[in-house]
Amino acid sequence: RLRSPQPEFVHMHASAQKIHAFTHAALRSCLDVASWLMPEDDATVGAAEGVHECAELLCASLGFRGYTLCAEVPAMDGQVRRAAIRGVLTAALIQCTGDRAPPGEVNQRARATVDALEVTLAVAPSQAGAADPSGPAYRPLEWADVQALAAAEAVQASRPEATRVVLGFPWVIPAQI
């Protein structure tokens, strides 16, 4: 375009702006992936945002495996440790769907308590959905694995029923209740 007798600078400028925007988006995406692989110990995240990050990460995987993820996460102003919620909630979602035959539905609810963000996962069978016929290429997570991750992150983890998990993420900055 620059070699033409009458270069169209407006189009070149628009193209350069698109390249700039795409480059920034790619960089943000790479930094986000890196933050999952090597989280900062002291990084915090808004309670609802942290729950949504984990759901977004696993939504497609759960769908391929025959599960539907339904989330009820109200807006909250408290902050929790990003590494704790990413590690423990993600592991709990994988574990509680890994020990049941699909299809199923995972109901994820979050609420603020005085001491912690409480996230409850409830798994129920469903009639809809088809599972990926291939088996997992990894060792399935056991409940003891989730408990070990929770203990390492100072997260309360309980399984009051075989189909329900309750996680308590301590506040770094408490929510206004």
Side-chain angles (χ1 to χ4, degrees), residues 20-100 102 104-124 126 129 138 141 143 145-161 163-177:
H20 186 320
F22 291 147
T23 302
H24 280 278
L27 178 61
R28 279 191 303 277
S29 179
C30 289
L31 291 173
D32 187 45
V33 168
S35 74
W36 274 90
L37 299 174
M38 189 67 160
E40 297 176 35
D41 284 334
D42 58 348
T44 62
V45 65
E49 181 185 350
V51 173
H52 286 299
E53 283 180 353
C54 297
E56 287 173 4
L57 175 72
L58 292 177
C59 196
S61 172
L62 291 172
F64 286 131
R65 292 175 34 223
Y67 290 92
T68 304
L69 180 61
C70 302
E72 292 179 32
V73 184
M76 293 178 237
D77 55 355
Q79 300 259 327
V80 295
R81 287 188 52 249
R82 177 171 260 147
I85 197 160
R86 282 182 170 181
V88 179
L89 180 54
T90 301
L93 282 164
I94 292 169
Q95 193 282 322
C96 72
T97 56
D99 65 354
R100 281 172 190 71
E105 184 173 289
V106 181
N107 291 304
Q108 178 178 262
R109 290 186 177 85
R111 70 182 187 102
T113 68
V114 173
D115 298 320
L117 164 66
E118 185 179 278
V119 179
T120 302
L121 305 174
V123 184
S126 72
Y138 55 86
L141 284 175
W143 177 243
D145 300 323
V146 176
Q147 287 177 307
L149 287 168
E153 296 290 352
V155 172
Q156 296 295 316
S158 66
R159 194 159 197 177
E161 302 166 23
T163 59
R164 199 163 68 104
V165 172
V166 179
L167 304 170
F169 297 91
W171 296 118
V172 174
I173 301 172
Q176 301 298 315
I177 299 177

Subject >> Thr90: partners by side chain to side chain donor-acceptor pair (under 3.5 Å), with sequence neighbours left out >> reply: none
**OP:** Identify, with sequence neighbours excluded, every residue that meets side chain to side chain donor-acceptor pair (under 3.5 Å) alongside Arg164.
**Re:** none
**OP:** State whether Arg82 and Glu40 are salt-bridged, where the test is any N-O pair (Lys NZ or Arg NE/NH1/NH2 against Asp/Glu carboxylate O) under 4.0 Å.
**Re:** no
Work out which heavy atom in [X] is nearest to a heavy atom in [Y]; give both atom names and the distance.
{"X": "Asp77", "Y": "Gln176", "value": "OD1-N, 2.9 Å"}
{"X": "Ile85", "Y": "Phe169", "value": "CA-CE2, 3.4 Å"}
{"X": "Thr97", "Y": "Ile94", "value": "OG1-O, 3.2 Å"}
{"X": "Trp171", "Y": "Val114", "value": "CD1-O, 3.5 Å"}
{"X": "Pro74", "Y": "Ala48", "value": "O-CB, 3.7 Å"}
{"X": "Trp143", "Y": "Gln95", "value": "N-NE2, 3.7 Å"}

Measure the [atom1]-[atom2] distance between [X] and [Y] for me, rounded to the nearest 0.5 Å.
{"X": "Asp41", "Y": "Glu153", "atom1": "CG", "atom2": "CD", "answer": "7.5 Å"}
{"X": "Arg111", "Y": "Met76", "atom1": "CZ", "atom2": "CE", "answer": "10.0 Å"}
{"X": "Leu58", "Y": "Glu53", "atom1": "CG", "atom2": "CD", "answer": "12.0 Å"}
{"X": "Cys59", "Y": "Phe64", "atom1": "SG", "atom2": "CZ", "answer": "10.5 Å"}

Subject >> Counterpart residues, side chain to side chain contact (heavy atoms under 4.5 Å, CB included), relative to Leu149 (two or more places apart) >> reply: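 Checked Leu149 against side chain to side chain contact (heavy atoms under 4.5 Å, CB included); matches are Val88, Ala91.
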Side chains of [X] and [Y], heavy atoms from C-beta outward: is any pair under 4.5 Å?
{"X": "Leu93", "Y": "Leu57", "value": "no"}
{"X": "Glu72", "Y": "Asn107", "value": "no"}
{"X": "Leu89", "Y": "Gln108", "value": "yes"}

Original post:
Does a sphere of radius 6.0 Å around CD in Glu49 hold more than 12 heavy atoms from other residues, nucleotides or ligands, not counting ones at 6.0 Å or beyond?
Top reply: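 Check passes, neighbour count above 12.
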